[in-house]
Trainee: 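This structure is in structure tokens; I'll ask about it shortly.
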Amino acid sequence: MAMRQTPLTCSGHTRPVVDLAFSGITPYGYFLISACKDGKPMLRQGDTGDWIGTFLGHKGAVWGATLNREATKAATAAADFTAKVWDAVTGDEVLTLAHKHIVKSVTFTQDSNYLLTGGNDKLLRIYDLSKPEADPQEISGHTSAIKKALWCNNDRQILSAADDKTVRLWDRSSMEVVKSLPFDASVTSMEYIPDGEVLVITYGKTIAFYNALSLDLIKTVDAPASIHSASLHPEKEFIVAGGDDFKLYKYDYSTKEELESYKGHFGPVHCVRFSPDGELYASGSEDGTLRLWQTAVGKTYGLWKCVLPEELVSENSDTLYCTAPEVKA
């Protein structure tokens with residue numbers, strides 16, 4: 001049966017969308033935050049893309065955005081040399097954390113009590129959010145700008161990727177490097193899956209999977225274009241990836257076979273992530289939009305209502321049309 005993927009388009013941003021993140025599953029569903037060069041990160045309902053609010057306060061491009069698991073707090077990293085923490089329910093700014101250069105990455109510990117930042121000043125910083133006036137812990141070692149920094153191993157360790165073409169694993173208590181992985185190209189994205197301690201890294205046309213604790217290589221998948229971002233399905237069934245050729249690729253994780261490729265964006269894809277339930281994935285692009293894609297095309301979920309148009313129902317009908325309203329946000 002031939003299926004047609006109908007992505008939901010989330011408009012509202014005026015510049016390239018460079019990062020996105022989902023919350024965990026809450027009693028109110030799950031949520032999606034987007035970072036954009038327009039300086040106005042947005043919060044949306046995750047399964048429909050419906051706009052909830054915009055966090056106003058940055059004076060430069062926002063490069064990184066994240067939500068805590070409960071979707072009660074948001075954090076953003078920006079070109080105005082600050083990271084900000086927000087109340088994700090009211091939209092109010094809670095804290096502004098001054099840095100010495102552009103901030104690229106923000107991430108909360110599982111208990112939401114600490115914020116890890118990284119950016120162009122090459123330092124990792126750990127802020128105790130209960131003591132915002134205290135100086136952050138600083139971890140140095142990278143020799144150029146940090147692109148992404150993530151907690152791992154129950155927040156006992158930190159993974160960082162930088163323009164010095166290394167990914168490093170750090171011990172939080174000693175603040176020392178446990179292991180460093182060299183690459184022959186700049187790492188474009190990094191995702192950490194706590195279940196099974198899997199690290200997803202993209203560089204050049206390669207999507208690579210590592211054990212997050214040992215940094216041993218599990219496998220690589222080669223894509224047809226330069227990849228900017230990739231995400232592993234929560235059940236580890238699929239990989240999605242996007243990059244320079246405006247397309248989204250979906251692969252079978254175990255066989256590495258390409259299952260689908262869709263062109264929906266009108267510019268390079270900068271970020272892609274699976275939802276926490278694995279039912280959809282979101283992509284953000286140079287074209288200023290976010291798009292939501294169904295993992296299983298043809299399933300009724302969120303705003304996707306799957307119907308067989310009566311005039312097409314016949315013995316030889318092998319096409320199921322999915323209707324999805326255009327999301328205007």
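Please read all numbers here as calculations on a predicted model, not as lab measurements.
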Trainee: Heavy-atom count around D92 CG within 6.0 Å, excluding the residue itself: above 12?
Mentor: yes
Trainee: State which residue, out of Y127, W63, F81, fulfils the ring-ring contact (aromatic ring centres under 6.0 Å, His included) condition with H99.
Mentor: Y127
Trainee: Quick check: do S160 and K148 have side-chain heavy atoms less than 4.5 Å from each other?
Mentor: no
Trainee: Return the minimal non-hydrogen interatomic distance between T143 and R168, and the atom names on each side.
Mentor: N-NH2, 4.4 Å
Trainee: Say whether W151 and T107, considering side chains only, have a donor N or O and an acceptor N or O under 3.5 Å apart.
Mentor: no
Trainee: Around K40, counting heavy atoms of other residues, nucleotides and ligands shown, do more than 12 lie under 6.0 Å from its NZ?
Mentor: no
Trainee: Please determine, by modelled atom types, if S144 and D164 share a side-chain donor-acceptor pair under 3.5 angstrom.
Mentor: no
Trainee: Please lay out, stage by stage, how I201 and F183 fare under the test side chain to side chain contact (heavy atoms under 4.5 Å, CB included).
Mentor: CA-CA 10 Å; I201 292 171; F183 289 88; 3.9 Å; yes
Trainee: Side chains of T295 and H233: is there a donor and an acceptor less than 3.5 Å apart?
Mentor: no
Trainee: What orientation do Y281 and F274 show, parallel under 30°, tilted 30 to 60°, or perpendicular over 60°?
Mentor: perpendicular
Trainee: Kindly say whether G302 contributes a backbone atom to a donor-acceptor pair with the side chain of K305 at under 3.5 angstrom?
Mentor: yes
Trainee: Between S231 and F238, is any pair of side-chain heavy atoms under 4.5 Å apart?
Mentor: no
Trainee: Kindly check if the number of other-residue, nucleotide or ligand heavy atoms within 6.0 Å of NZ (K179) is above 12?
Mentor: yes
Trainee: Specify the closest pair of heavy atoms between A78 and G60, including all atoms of both residues, with the distance to one decimal.
Mentor: CB-O, 4.5 Å
Trainee: Checking T26 side chain against G29 main chain: does a donor-acceptor pair fall under 3.5 Å?
Mentor: yes
Trainee: So how far is it from Q137 CD to D128 CG, rounded to the nearest 0.5 Å?
Mentor: 9.0 Å
Trainee: Could you walk me through whether Y301 and D277 pass side chain to side chain donor-acceptor pair (under 3.5 Å), step by step?
Mentor: CA-CA 11 Å; Y301 177 84; D277 63 1; 2.5 Å; yes
Trainee: Name the one of I139, T109, L115, T117 that satisfies side chain to side chain contact (heavy atoms under 4.5 Å, CB included) with I126?
Mentor: I139
Trainee: Just by distance, do the side chain of R172 and the backbone of R156 share a donor-acceptor pair under 3.5 Å?
Mentor: no
Trainee: Donor-acceptor pair, K147 side chain versus V187 backbone, under 3.5 Å?
Mentor: yes
Trainee: Check whether any side-chain heavy atom of L169 sits under 4.5 Å from a side-chain heavy atom of I158, and report yes or no.
Mentor: no
Trainee: Whether the T220 and T206 side chains hold a donor-acceptor pair (N or O, under 3.5 Å, no angle test) is what I'd like checked.
Mentor: no
Trainee: Honestly curious: do F31 and I33 fall in one hydrophobic cluster under the side-chain, below-4.5 Å linking rule?
Mentor: yes
Trainee: What's the shortest heavy-atom distance between A77 and S105, and which atoms?
Mentor: CB-N, 3.6 Å
Trainee: Check whether the ring centres of Y253 and F209 lie less than 6.0 Å apart, and answer yes or no.
Mentor: yes
Trainee: Do any N or O atoms from the side chain of T82 and from the backbone of K84 form a donor-acceptor pair under 3.5 angstrom?
Mentor: no
Trainee: Between W293 and S283, is any side-chain donor less than 3.5 angstrom from a side-chain acceptor?
Mentor: yes
Trainee: Applying the 4.5 Å side-chain criterion to the ILVMFWY set and letting contacts propagate, would L56 and I52 be lumped into a single cluster?
Mentor: no
Trainee: Could you tell me if the side chain of L129 sits less than 4.5 Å from the side chain of N113, heavy atoms only?
Mentor: no
Trainee: So, T9 versus T289: side-chain donor-acceptor pair below 3.5 Å or not?
Mentor: no
Trainee: Looking at every non-hydrogen atom in both residues, tell me the closest pair between L124 and A149 and how far apart they are.
Mentor: CD2-CB, 3.4 Å
Trainee: Has T66 got a side-chain atom pairing as donor or acceptor with A75's backbone, closer than 3.5 angstrom?
Mentor: no
Trainee: According to a 4.5 Å side-chain heavy-atom criterion applied to Ile, Leu, Val, Met, Phe, Trp and Tyr, with indirect links allowed, do L215 and Y192 form part of one hydrophobic cluster?
Mentor: yes
Trainee: Does Y203 use its side chain to pair, donor to acceptor, with the backbone of S189 at less than 3.5 Å?
Mentor: no
Trainee: Just jot down the side chain to side chain donor-acceptor pair (under 3.5 Å) partners of D171, sequence neighbours excluded, or say none.
Mentor: S173, S174
Trainee: Applying a strict under-4.5 Å side-chain criterion to I, L, V, M, F, W and Y, I'd like to know whether V89 and V85 cluster together.
Mentor: no
Trainee: Donor-acceptor pair, Q45 side chain versus Y28 backbone, under 3.5 Å?
Mentor: yes
Trainee: Looking only at side-chain N and O atoms, does K165 offer a donor or acceptor that is under 3.5 Å from a partner on S186?
Mentor: no
Trainee: If you round to the nearest 0.5 Å, how far is CD of E260 from CG of L248?
Mentor: 10.5 Å
Trainee: Are any of the side-chain heavy atoms of D222 and K205 separated by less than 4.5 Å?
Mentor: no
Trainee: Any side-chain heavy atom of K73 sitting closer than 4.5 Å to one from F108?
Mentor: yes
Trainee: Any chance you could lay out the salt bridge (charged side-chain N to carboxylate O under 4.0 Å, His left out) test for E279 and K299, step after step, and finish with the verdict?
Mentor: CA-CA 9 Å; E279 291 285 351; K299 195 168 175 180; 2.8 Å; yes
Trainee: With the side chain counted from C-beta on, respond yes when I239 and I207 share a heavy-atom pair under 4.5 Å apart, and no when they do not.
Mentor: yes
Trainee: Evaluate side chain to side chain contact (heavy atoms under 4.5 Å, CB included) for L181 paired with Y210, printing each intermediate quantity in order.
Mentor: CA-CA 10 Å; L181 275 182; Y210 289 85; 3.6 Å; yes
Trainee: Please check if any side-chain donor atom of H228 sits under 3.5 Å from a side-chain acceptor atom of D244, or the reverse.
Mentor: yes
Trainee: List the atom of W86, the atom of V94, and the distance in Å for their closest heavy-atom pair.
Mentor: C-CG2, 3.7 Å
Trainee: I need the C152 SG to L213 CG distance, nearest 0.5 Å.
Mentor: 6.5 Å
Trainee: Give a yes or no answer on whether the side chain of S275 reaches the backbone of L280 with a donor-acceptor pair at less than 3.5 Å.
Mentor: yes
Trainee: Between S34 and H13, do the side chains contain an N or O donor and an N or O acceptor separated by less than 3.5 Å?
Mentor: yes
Trainee: How far apart are the closest heavy atoms of P132 and L95, and which atoms are they?
Mentor: CB-CD2, 3.2 Å
Trainee: Evaluate the criterion salt bridge (charged side-chain N to carboxylate O under 4.0 Å, His left out) for residue pair R125 and D121; output intermediate values, then yes/no.
Mentor: CA-CA 10 Å; R125 289 186 174 82; D121 61 6; 2.7 Å; yes
Trainee: Check the pair K104, D19 against salt bridge (charged side-chain N to carboxylate O under 4.0 Å, His left out), reporting the backbone distance first and the verdict last.
Mentor: CA-CA 10 Å; K104 286 284 177 74; D19 192 28; over 6 Å; no
Trainee: Any side-chain heavy atom of W170 within less than 4.5 Å of one from V178?
Mentor: no
Trainee: Check this for me, if you would: do R273 and E191 make a salt bridge, where the nitrogen-to-carboxylate-oxygen distance has to be below 4.0 angstrom?
Mentor: yes
Trainee: Give the C-alpha distance, both sets of side-chain angles, the deciding distance and a yes or no for side chain to side chain contact (heavy atoms under 4.5 Å, CB included) between V269 and I227.
Mentor: CA-CA 8 Å; V269 177; I227 296 298; over 6 Å; no
Trainee: Should V167 and V198 be counted in the same cluster of Ile, Leu, Val, Met, Phe, Trp and Tyr side chains packed under 4.5 Å apart?
Mentor: no
Trainee: Check for a donor-acceptor pair, side chain of D252 on one end and backbone N or O of T255 on the other, with a separation under 3.5 Å.
Mentor: yes
